[in-house]
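For reference, the structure discussed in these notes is given below.
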Amino acid sequence: MAKYHEHWKDLYSAINVIETEVNGADRKEYLEAVKADADWLAADMNIVKGGTHLLEKLISGDWDAQFLIVEPGKVVVDVLECVQG
């Protein structure tokens with residue numbers, strides 16, 4: 001990794017690989033590359049079972065309560081930060 005990414009070491013404690021059984025995340029060369037990144041970050045590497053459900057909903061336009069829809073010109077604000085800040 002380039003020196004300009006050094007600050008990432010302060011931001012990440014883990015890298016999670018989401019295995020969906022369709023993305024090839026179990027390929028040896030992929031896992032080796034992720035492990036190298038995790039080692040560089042001094043972060044844990046985890047393999048997490050997942051699915052494509054949310055991606056399918058995103059693409060199909062089935063945007064229910066699992067999605068935050070922000071209208072043009074609107075801003076998302078962290079409510080906890082507003083209360084505490």
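Counting from 1, the numbers follow the sequence of the chain as shown. Note that the coordinates shown come from a computational prediction; the quantities given were computed from them, not determined experimentally.
Minimum heavy-atom separation, Trp40 to His5: CH2-O, 3.3 Å. Taking all atoms of both residues into account, the shortest heavy-atom contact from Phe67 to Trp63 is CD1-CA, 3.7 Å. Smallest separation of non-hydrogen atoms from Ala25 and Ile18: CB-O, 4.1 Å. In terms of heavy-atom proximity, Ala14 sits nearest to Ala43 at N-CB, 3.7 Å.
Not a single donor-acceptor pair under 3.5 Å links the side chain of Asp62 to the backbone N or O of Leu54.
With rounding to the nearest 0.5 Å, the separation of CG in Leu55 from CD1 in Ile59 is 4.0 Å.
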Let me see the working for Leu31 and Met45 under side chain to side chain contact (heavy atoms under 4.5 Å, CB included), right down to the final yes or no.
CA-CA 9 Å; Leu31 292 175; Met45 183 183 113; 4.1 Å; yes
Using side chain to side chain contact (heavy atoms under 4.5 Å, CB included), reason through Leu41 and Leu11 one step at a time and then give a plain yes or no.
CA-CA 9 Å; Leu41 290 167; Leu11 303 173; over 6 Å; no
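When side chains are defined from C-beta on, Asp44 does not count as touching Ile15, because their heavy atoms never get closer than 4.5 Å.
Listed by chain and number, the residues in a side chain to side chain donor-acceptor pair (under 3.5 Å) with Asn46 are Asn16 (sequence neighbours excluded). For Glu32, the side chain to side chain donor-acceptor pair (under 3.5 Å) criterion is met by no residue, not counting sequence neighbours. Qualifying side chain to side chain donor-acceptor pair (under 3.5 Å) partners for Lys57, counting only residues two or more places apart in sequence or in other chains: Asp64, Gln66. Remark: Glu21 engages Lys49 in a side chain to side chain donor-acceptor pair (under 3.5 Å) (not counting sequence neighbours). Not a single salt bridge (Lys or Arg N to Asp or Glu O under 4.0 Å) links Asp26 to another residue, sequence neighbours left out.
There is no path of hydrophobic side-chain contacts, each under 4.5 Å, that joins Val48 to Val17.
Applying the salt bridge (charged side-chain N to carboxylate O under 4.0 Å, His left out) test to every pair with at least one member in residues 65-76, sequence neighbours left out, gives no pairs at all.
Within 6.0 Å of CG in Leu58 there are more than 12 heavy atoms belonging to other residues, nucleotides or ligands. Around the OH atom of Tyr12, the shell of radius 6.0 Å holds no more than 12 heavy atoms that belong to other residues, nucleotides or ligands.
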